[in-house]
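Okay, so here's the structure we're looking at.
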Amino acid sequence: MTKTLTLEQVAEAMVAPGKGILAADESTGTIKKRFDSIKVESTPDTRRDYREMLFRSTEAMKNHISGVILYDETIRQKAKDGTPLPKIIEAAGALPGIKVDAGTKPLPFCPGELITEGLDGLGKRIAEYVSLGAKFAKWRAVIDIGKNMPSYNCINANAQALARYAALCVEGGLVPIVEPEVLMDGDHDIDTCEKVTEWVLKEVYAQLYYAKVPLEKTVLKPNMVIAGKKCANQTSWQDVAQRTLKVLKQCVPPAVPGIAFLSGGQSDEDATAHLSLMNQMGPLPWRLSFSYGRALQAAPLKAWGGKPENVAAGQRAFAHRARMNGTATLGKWSAELEKAA
Ligand code: 5MM
């Protein structure tokens with residue numbers, strides 16, 4: 001079914017009503033941290049087993065997952081029975097995607113700030129990923145808030161890299177997920193997050209324009225507008241939803257088919273509640289969905305705990321979070337629904 005889709009159709013399928021994206025593209029270092037938290041050794045086999053458990057969660061995958069972002073190792077891996085992992089994703093009716101950035105490095109003369117690398121040779125890598133079955137790609141830029149941060153240099157350099165990546169993807173046959181993440185790790189208030197997020201998104205869309213990227217073939221993956229985790233003044237679900245929509249309406253052209261949020265360290269329930277509330281605040285010019293890593297995986301990771309006998313429990317936990325977030329894309333999630341389940 002996916003073979004004949006145009007890039008516009010792929011982008012629309014990624015944000016189809018009731019569905020969203022599973023971000024399972026943790027690099028080797030990040031997945032090790034996740035496995036450390038459940039005291040499981042991170043090896044190619046344990047990583048494969050964990051991800052196979054998720055991709056074979058039939059209920060979640062068929063009904064609520066539109067696509068899966070994979071890491072380079074995973075797109076090349078085979079399940080225990082020899083089936084390539086991307087084929088399992090496709091068999092469930094979802095689209096395989098690939099993280100193509102090469103991670104972050106310190107940005108010279110900007111203490112504490114990061115630049116995402118990976119543009120060199122990207123065109124060639126895109127061609128290989130297309131041959132491995134990828135339909136879309138992801139590149140994450142990281143913007144931190146702190147003393148004298150972010151700098152214009154950091155925002156501009158990262159936005160330019162995102163635009164060059166996006167142009168190469170469209171040229172090479174992949175839908176680019178454009179992910180400029182303003183981190184929620186600090187003690188900044190929600191006003192600061194709002195101002196920085198607006199600045200970042202304005203710059204990203206200016207650079208996408210200069211790079212001539214057709215927005216109809218892209219998906220945006222932004223942070224929500226939210227106070228830093230260490231800020232004493234945490235605001236309501238309503239406030240986060242309203243402010244996020246306000247900024248998105250200022251910055252994201254309606255030509256963009258969909259916005260799939262990252263969860264950024266929010267609790268599972270907060271990430272779902274915010275998405276649902278925003279979808280109740282329509283009509284909106286783009287579809288609003290999810291591309292969650294932690295907010296989809298924390299529960300199944302814990303339920304699995306690295307034990308084969310817990311695979312069914314891990315899949316149930318994943319199906320639950322996928323269903324809650326799928327419901328949120330329709331604006332129909334409620335705390336009661338969460339409890340009832
Ligand atoms: C799943 O984590 C992704 C990969 O992170 P690293 O490259 O640091 O290993 C990450 O890019 C993720 O796709 C996004 O941050 C969204 O995940 P969250 O957990 O914020 O929803």
Side-chain angles (χ1 to χ4, degrees), residues 14-15 20-37 42 47 50-51 54-55 64-75 85 89 95-106 114-118 134 136-145 158 161-162 165 175-186 193 197 200 219-226 228-229 240 244 258-275 288-302 318 321-322 324-326 328-329:
M14 287 162 68
V15 291
I21 297 164
L22 166 64
D25 57 313
E26 297 86 356
S27 51
T28 313
T30 303
I31 195 74
K32 183 183 178 314
K33 278 189 220 149
R34 307 276 184 265
F35 279 16
D36 285 349
S37 74
S42 179
R47 295 194 286 271
Y50 170 64
R51 286 163 170 154
L54 296 176
F55 308 159
H64 304 296
I65 299 298
S66 57
V68 182
I69 314 173
L70 301 167
Y71 185 55
D72 181 76
E73 175 188 71
T74 323
I75 200 169
L85 292 183
I89 293 167
L95 301 165
I98 181 75
K99 181 226 291 292
V100 299
D101 67 65
T104 56
K105 289 280 179 324
L114 300 168
I115 177 73
T116 302
E117 296 194 334
F136 65 93
K138 192 201 86 171
W139 178 291
R140 172 171 170 255
V142 179
I143 311 292
D144 208 351
I145 296 178
N158 275 292
L162 274 168
Y165 139 82
V175 168
I177 295 183
V178 175
E179 181 180 2
E181 176 173 6
V182 177
L183 295 179
M184 61 176 286
D185 293 342
C193 179
T197 303
V200 168
V219 168
L220 175 68
K221 176 166 174 169
N223 54 284
M224 295 181 196
V225 173
I226 192 165
K229 272 190 254 174
V240 170
T244 305
I259 296 174
F261 291 100
L262 58 90
S263 56
Q266 298 180 42
S267 72
D268 294 357
E269 192 165 324
D270 284 355
T272 308
H274 292 144
L275 177 61
L288 285 191
S289 182
F290 58 91
S291 174
Y292 293 161
R294 285 163 285 181
L296 274 174
Q297 293 190 54
L301 183 73
K302 207 169 152 200
F318 177 45
R321 283 271 43 93
M324 292 299 101
N325 286 306
T329 67

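Basis for what follows: all heavy atoms, side chains included, without hydrogens, waters or symmetry-related copies. Start at 1 and go down the list; that is how both ligands and their atoms are numbered. In this text, all values refer to a predicted model and were calculated from it rather than measured experimentally.
Here the side chains of L162 and P180 are in contact, with some heavy-atom distance below 4.5 Å. When side chains are defined from C-beta on, I31 does not count as touching Y71, because their heavy atoms never get closer than 4.5 Å. Looking at heavy atoms from C-beta onward, L301 lies in side-chain contact with R34 at the 4.5 angstrom threshold.
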Legend entry - Steps toward salt bridge (charged side-chain N to carboxylate O under 4.0 Å, His left out) verdict (R51, E26): CA-CA 11 Å; R51 286 163 170 154; E26 297 86 356; 3.0 Å; yes
Legend entry - Intermediate values then yes/no, side chain to side chain donor-acceptor pair (under 3.5 Å), T116 and D101: CA-CA 7 Å; T116 302; D101 67 65; 5.8 Å; no
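Ion pairing between K229 and D185 holds under the 4.0 Å rule for side-chain N and carboxylate O.
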Please give the N or O to N or O pairs under 3.5 Å between ligand 1 and the protein, distances rounded to 0.1 Å.
{"from": "ligand 1", "atom 1": "7 (O)", "to": "K99", "atom 2": "NZ", "distance (Å)": "2.7"}
{"from": "ligand 1", "atom 1": "8 (O)", "to": "T30", "atom 2": "OG1", "distance (Å)": "3.3"}
{"from": "ligand 1", "atom 1": "9 (O)", "to": "S27", "atom 2": "N", "distance (Å)": "2.9"}
{"from": "ligand 1", "atom 1": "9 (O)", "to": "S27", "atom 2": "OG", "distance (Å)": "2.7"}
{"from": "ligand 1", "atom 1": "9 (O)", "to": "T30", "atom 2": "OG1", "distance (Å)": "2.6"}
{"from": "ligand 1", "atom 1": "11 (O)", "to": "K138", "atom 2": "NZ", "distance (Å)": "2.3"}
{"from": "ligand 1", "atom 1": "13 (O)", "to": "D25", "atom 2": "OD1", "distance (Å)": "3.1"}
{"from": "ligand 1", "atom 1": "13 (O)", "to": "K138", "atom 2": "NZ", "distance (Å)": "2.7"}
{"from": "ligand 1", "atom 1": "13 (O)", "to": "K221", "atom 2": "NZ", "distance (Å)": "3.2"}
{"from": "ligand 1", "atom 1": "15 (O)", "to": "R140", "atom 2": "NE", "distance (Å)": "3.4"}
{"from": "ligand 1", "atom 1": "15 (O)", "to": "E179", "atom 2": "OE2", "distance (Å)": "3.3"}
{"from": "ligand 1", "atom 1": "19 (O)", "to": "R294", "atom 2": "N", "distance (Å)": "2.8"}
{"from": "ligand 1", "atom 1": "19 (O)", "to": "R294", "atom 2": "NE", "distance (Å)": "2.8"}
{"from": "ligand 1", "atom 1": "20 (O)", "to": "G264", "atom 2": "N", "distance (Å)": "2.7"}
{"from": "ligand 1", "atom 1": "20 (O)", "to": "R294", "atom 2": "NH2", "distance (Å)": "3.0"}
{"from": "ligand 1", "atom 1": "21 (O)", "to": "S263", "atom 2": "N", "distance (Å)": "2.8"}
{"from": "ligand 1", "atom 1": "21 (O)", "to": "S263", "atom 2": "OG", "distance (Å)": "2.4"}
{"from": "ligand 1", "atom 1": "21 (O)", "to": "G293", "atom 2": "N", "distance (Å)": "2.8"}

